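The structure presented is a predicted model; accordingly, all values stated were derived computationally and were not measured. Order of the sequence lines fixes the chain letters, A, B, ..., with proteins taken first and strands second; residue numbering starts at 1 for each chain.
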Amino acid sequence: MNYKELANLLFPDIDKTISYYEEKYPKRNLKDGAKVTRIAPSPTGFVHIGNLYGAFADERLARQSGGVFMLRIEDTDEKRKVEGAVKAIIDAFEFFGLTFDEGVGIDGETGDYGPYFQSMRKDIYQCVAKYLVEQGRAYPCFCTEEELLELRKKQESEKITTGYYGKWARERNLTLDEIKERLSRNESFVLRFKSIGDEQNTFEIEDAIRGTLTLRENYQDIVLLKSNGIPTYHFAHVVDDHFMRVTHVVRGEEWLSTLPAHVEMFRAIGWDLPVYCHTAHLMKIENGNKRKLSKRKDPELGLTYYMELGYHPAAVREYIMTILNSNYEEWRMANPDSSYEEFEFTLEKMSTSGAMFDLEKLNNVSKDVLLKIPAEDIYEFLLEWSGKYKTEITGLLEKNKTSVIRLLSIGREGNKPRKDLIYCEQIFDFISYFFDEYFRIADRIPENIDEQDAKKLLGEYLKTYDPKDDQNQWFEKIRKIAEANGYAPRPKDYKKNPDLYKGHVGDVSTTIRIALIGRANSPDIWEIQQIMGEDKVRARIENMINRIKV
RNA sequence: GGCCCAUUGGUCAAGUGGUUAAGACAUCGCCCUUUCACGGCGGUAACAGGGGUUCGAGUCCCCUAUGGGUCACCA
C-alpha cells in the first residue's frame, strides 16, 4: 500500500504539514513549572456544579503557577449545540469568579493558539489525520451503521469484546484500488486509527491525582474523523491539547477508560503526553445509592439552581475549595481572613473517590462566608438577585434600603456574631416580617401564657413602651410587667420554683416578639424595634391585642 | 457481561508499616441566655468482609462484596 498516495487521495486540499503548525503554535514562553490548563465544555449551555469543581482545579493550577487558563469550546457534535450557550457558559463561570486568560470570550477570541472553537480547526485535525494516513496508522472505513450493528451482534453472540479491531477491522485491508473505487462512488467514510496495541498487554501511566494507573493497551480502531470530516472528542483532545500546549489535562474519571486510546494516538504521532489529572465524580444519593451527578437527571444541580436560590458565589467557591482539597478547611481555620488564592492548591490532595454533594455543608460554609461580607454588600447582592429572580420584592428592598441593611446587621458584630444569613431566598424570608406585605403571625404564643394574659401583657407593654429607651431600660420594663403579672423576672427563678410562677420573663418577651414579627424566634427585638420605628411597633402590638378575642 | 477506578463514623475526610484512628458538618447532652442563633464543654458514631506478608497492617499482596465509570461517526 502506498500510504502517501492514499493520504493525498483522502485529503487533497490539505497542503500544510505538522511542522507548519508546530511553528505556528510554538512552545509557550512561560517560566519553569507554569501550568497550562483548559476547560473544554460542549456548547449545551448547561454548567453544573461538577463542571465548576473541575474548572476551579484548572484555574488554581494555572494561576498559581503563573500559567495560562483557557476556554475552548468542544463543538464537534452538531446535536449538542444550543443557541446562546457559549455566553451562558462564560457568564456562569464568571459569576463564580472564574475568568479566562485565553480562548473563547464574549467579544471574540484572545490568544495565539486559536481558533478555540473546535469547529474552526478542521484543517488542523485533517493535517494530523493525513500524517497518520501517511504513516499507515489511519485508514478510511466505509462501513455503514447497519454493518457495524451486525458486527456487534455477531461479536455478542460469540461472547467476545465488541468493537472494530484486529481481524474484525475488515476495511483495514482495503487496497488502494478498492478505496479509489468506493470514493468514486461517493461512499461516505470515517477515518479510523489503526491500533497496534494488544488487549492482553498492560502499561503504567502516572496520573497526577490518582498515582500510578495500570491500564490495558488500546486495541480498538477508534474513529478519528467522522464522515463529515469533524474529529471525535478523542482525536480533537490529542491534537488540541498538543497544539495549544496544554500541560495538564484535568477531566472527569469517565475518560479513564479511553485514556489508552489517547496515549496510543500521542505515541503514534510522536508527541509528548500531557500530565493527566482525572478527577472523581461528585455524587448524589438517590434511593439509598450513590450516583454520578447527571445533568439530565439532576437539573437542580445546574449552576443556575444556586444562582436562583441566591447563594453567594464566594460561598459556593469556598465550599468547592473544601471538597477540592482535603486540607483546605484546616488551612481556612488557620487563615480565616485570607483569600482562597493564598491557599496552595495541590493535585495530590484531591480525592480519588466520589464525594457526595452536601447541601448542609454548603449552607454551613455559606454562613461563615457571608459573615465576612459587609451588610451593605449583602444588600447589594440581594438586590441584584431579586432583580433577576424575585422582581416582586425589588421595590420593597429599594424603598427600605437603610432598614434592610440594619436588619441584616443585627448581631453580626463582636466576637460571637450571629450567623443567620445563608442565601438570598432564605435571607429574604428571614427579614420578611419587616414588610407589612409579608408579615404574618406564624407561631403561637407560649403555652405558659393564656390569651387573656397575653392581651393584658401586651396592653401594659404598649403603655410603657418608649422608643427612646435604651436596651436595658426597655428590658427592665418588661421584667416589671412580667413580675407584676405572676411571671418570674428571671428564667432561673422559674426553674427553681416553677410552682411559684405562671412562667417567666422569656415567655413575656416571646409574646411581644410574636406580636412584632410573628415568630417565636428572631434576633434581638429591641434592635428590630429601633429599625421598625415607633408607629410600626405600636401598630403591630395593637393589631395583636385586637386579634385576641377574649 | 468485559475492562478500569474506588471503598475510614450519617456526610466531607486526616492517615504513606508502630496513633488512645485527627478535624469539620450533621446529631445528642450540658453550659451561656428574655427567644432563636452564636459561642464553650462533652457524648454517640468508622478502617466493607475474608485470607495472607510482617514482631506489628487502616496502611503492602490476593480473593470476595459493594459502589461508580466505560464499552458510539456524544462529549
Side-chain angles (χ1 to χ4, degrees), chain A residues 40-42 44 74-80 118 141 143-145 148 152 156 159-164 188-192 199 202 207 210 213-216 220 222-234 236-237 251-260 278 280-281 283 285 289-292 319 322-323 326-330 332-333 349 351-365 367 371 411-412 414-420 443 446 475 478-479 482 487 489-492 504-514 519-526:
Chain A
S42 38
T44 58
E74 310 229 320
D75 55 352
T76 54
D77 184 10
E78 289 291 334
K79 294 185 288 293
R80 292 171 82 112
Q118 290 185 331
C141 169
C143 287
T144 61
E145 258 180 69
L148 257 17
R152 163 183 301 275
E156 276 170 359
K159 294 205 189 333
I160 52 174
T161 314
T162 57
Y164 209 80
S188 92
F189 67 92
V190 299
L191 192 77
R192 283 187 187 273
E199 187 176 7
T202 60
D207 182 289
R210 293 164 182 263
L213 297 172
T214 305
L215 303 171
R216 300 278 173 159
Q220 294 268 357
I222 60 163
V223 173
L224 262 20
L225 297 177
K226 301 183 243 182
S227 54
N228 59 3
I230 298 289
T232 56
Y233 166 86
H234 312 290
H237 149 58
R251 52 162 40 164
E253 61 182 327
E254 71 270 23
W255 297 109
L256 240 22
S257 58
T258 44
L259 220 205
H278 289 95
H281 284 140
M283 313 293 277
I285 289 229
N289 293 120
K290 270 190 174 187
R291 207 194 70 219
K292 174 190 173 186
Y319 173 66
T322 68
I323 52 177
S326 53
N327 52 335
Y328 184 80
E329 266 190 287
E330 209 173 295
R332 174 52 80 201
M333 274 187 272
K349 288 288 184 183
S351 176
T352 49
S353 54
M356 212 72 78
F357 187 82
D358 188 348
L359 207 59
E360 297 250 26
K361 183 86 178 188
L362 203 212
N363 287 341
N364 179 275
V365 167
K367 286 181 189 177
L371 190 56
R412 297 180 97 219
N415 52 358
K416 287 187 196 172
R418 300 184 64 91
K419 298 178 180 176
D420 295 314
D443 289 330
F475 195 64
I478 293 178
R479 275 222 167 93
Y487 295 86
R490 295 182 206 302
K492 271 186 183 162
H504 61 81
V505 66
D507 294 318
V508 178
S509 67
T510 296
T511 305
I512 296 167
R513 173 174 277 113
I514 289 171
R519 319 204 261 235
N521 306 327
S522 82
D524 189 83
I525 0 180
W526 179 80

Send over the distance from Glu156(A) CD to C71(B) P, rounded to a whole Å. 14 Å
Between the main-chain N or O of Gln220(A) and the side-chain N or O of Glu199(A), is there a donor-acceptor pair closer than 3.5 Å? no
Just the atom pairs and distances: protein N or O near nucleotides 73-75 of chain B's N or O, under 3.5 Å.
| unit_1 | atom_1 | unit_2 | atom_2 | d |
| --- | --- | --- | --- | --- |
| C73(B) | O2 | Ser227(A) | N | 2.9 |
| C73(B) | O2 | Ser227(A) | OG | 2.9 |
| C73(B) | N3 | Ser227(A) | OG | 3.3 |
| C74(B) | OP2 | Lys226(A) | NZ | 2.9 |
| C74(B) | O2' | Asp77(A) | OD2 | 2.8 |
| C74(B) | O2' | Arg80(A) | NH1 | 3.4 |
| C74(B) | O2 | Arg80(A) | NH1 | 2.9 |
| A75(B) | OP1 | Thr76(A) | OG1 | 2.6 |
| A75(B) | OP1 | Lys226(A) | NZ | 2.7 |
| A75(B) | OP2 | Tyr233(A) | N | 3.1 |
| A75(B) | O3' | Glu74(A) | OE1 | 2.7 |

How far apart are the closest heavy atoms of Pro489(A) and Val505(A), and which atoms are they? O-CG1, 3.2 Å
Glu78(A) bridged to Lys226(A) by N-O distance under 4.0 Å: no
Least distance between heavy atoms, Ser227(A) atom then Ser188(A) atom: CB-OG, 4.1 Å
Note: Asn521(A) and Asp443(A) closest approach over all heavy atoms is N-OD2, 4.5 Å
In Å, rounded to the nearest 0.5 Å, how long is the span from CG of Leu224(A) to SG of Cys141(A)? 12.0 Å
I need the CD-P distance between Glu330(A) and C12(B), as an integer number of Å. 18 Å
Rounded to whole Å, the CZ-C1' distance (Arg490(A) to U35(B)) equals 17 Å
Thr232(A) side, atom OG1; His237(A) side, atom NE2 - distance, nearest 0.5 Å: 10.5 Å
Sticking with atom P, work out how far C36(B) lies from C28(B), rounded to a whole angstrom. 14 Å
C1'-based separation of G17(B) from C60(B) [nearest Å]: 8 Å
So for Arg418(A) and C36(B), does any side-chain atom that can act as donor or acceptor lie under 3.5 Å from a complementary atom in the base? yes
Measure from CG on Leu362(A) to P on C12(B) and round the result to the nearest Å. 14 Å
Restricting to side chain to side chain contact (heavy atoms under 4.5 Å, CB included), what partner residues turn up for Glu330(A), sequence neighbours left out? none
Grab the two heavy atoms, one from Thr511(A) and one from Pro446(A), that are nearest each other, plus how far apart they are. OG1-CD, 3.6 Å
Provide, to the nearest angstrom, the distance between the CD atom belonging to Glu329(A) and the C1' atom belonging to A26(B). 13 Å
Rounded distance (nearest 0.5 Å) linking atom CG of Asn363(A) with atom CG of Asp358(A): 9.0 Å
Taking only residues two or more places apart in sequence or in another chain, which ones pass salt bridge (Lys or Arg N to Asp or Glu O under 4.0 Å) with Arg412(A)? none
Where the side chain of Pro491(A) is defined as all heavy atoms beyond and including C-beta, which of U34(B), C25(B), G23(B) is the nearest nucleotide? U34(B)
When you check the phosphate oxygens OP1 and OP2 of C36(B), does a side-chain N or O of Ser522(A) lie under 4.0 Å from one of them? no
Work out how far the P atom of G9(B) is from that of A46(B), and round it to whole angstrom. 9 Å
To the side chain of Thr162(A), which of C12(B), U34(B), C71(B) is closest? C71(B)
Once rounded to the nearest 0.5 Å, what's the spacing between atom CZ of Arg251(A) and atom OG1 of Thr258(A)? 6.0 Å
With rounding to the closest Å, how many angstrom separate the C1' atoms on G40(B) and G50(B)? 45 Å
Between the protein and nucleotides 3-10 of chain B, list the N/O to N/O atom pairs that are separated by less than 3.5 angstrom.
| unit_1 | atom_1 | unit_2 | atom_2 | d |
| --- | --- | --- | --- | --- |
| C3(B) | O3' | Arg216(A) | NE | 3.3 |
| C4(B) | OP1 | Arg216(A) | NE | 3.4 |
| C4(B) | O3' | Thr214(A) | O | 3.3 |
| C5(B) | OP1 | Thr214(A) | O | 3.4 |
| C5(B) | O2' | Arg210(A) | NH1 | 2.3 |

Test Thr352(A) against every option in Arg210(A), Glu253(A), His278(A) by the side chain to side chain contact (heavy atoms under 4.5 Å, CB included) rule and name the one that passes. Arg210(A)
Could you give the distance from CZ (Arg80(A)) to CD (Glu74(A)), rounded to the nearest 0.5 Å? 9.5 Å
Hey, what do you get for OG1 (Thr322(A)) to NZ (Lys361(A)), rounding to the nearest 0.5 Å? 6.0 Å
Considering every strand and a 4.0 Å limit on heavy-atom distances, what is the contact class for Asp524(A): base, sugar-phosphate, or nothing? base
On a whole-Å scale, what distance lies between the P atoms belonging to C12(B) and A21(B)? 23 Å
Please report the distance, rounded to the nearest Å, between CG in Asn364(A) and C1' in A37(B). 13 Å
Would you measure the distance from the C1' atom in G10(B) across to the matching atom in U44(B) and give it in whole Å? 12 Å
Writing each nucleotide of RNA chain B 5' to 3' as (, ), [, ], | or . by Watson-Crick or G-U pairing under 3.5 Å yields (((((((..(((.....[....))).(((((.......)))))....(((((..]....))))))))))))....
Quick one: is Lys419(A) getting a side-chain N or O under 4.0 Å of the G39(B) phosphate, OP1 or OP2? yes
Could you state the atom-to-atom distance from NZ of Lys367(A) to C1' of C38(B) in whole Å? 10 Å
Just the table, please: protein N/O against nucleotides 61-65 of chain B N/O, every pair under 3.5 Å.
none

Measure from NZ on Lys416(A) to P on C36(B) and round the result to the nearest Å. 15 Å
Pick the C1' atom in A22(B) and in G58(B), then give their distance to the nearest Å. 14 Å
Can you tell me how far C1' in U19(B) sits from the matching atom in C30(B), rounded to whole Å? 30 Å
Has Lys492(A) got a side-chain N or O lying under 4.0 Å from the OP1 or OP2 atom of C32(B)? yes
Could you pick out which residue, Pro417(A) or Ile525(A), lies toward the 5' side of RNA chain B when each is mapped onto its nearest nucleotide? Ile525(A)
Arg479(A) and Tyr487(A): side-chain contact (heavy atoms from CB on, under 4.5 Å), yes or no, with the steps? CA-CA 9 Å; Arg479(A) 275 222 167 93; Tyr487(A) 295 86; over 6 Å; no
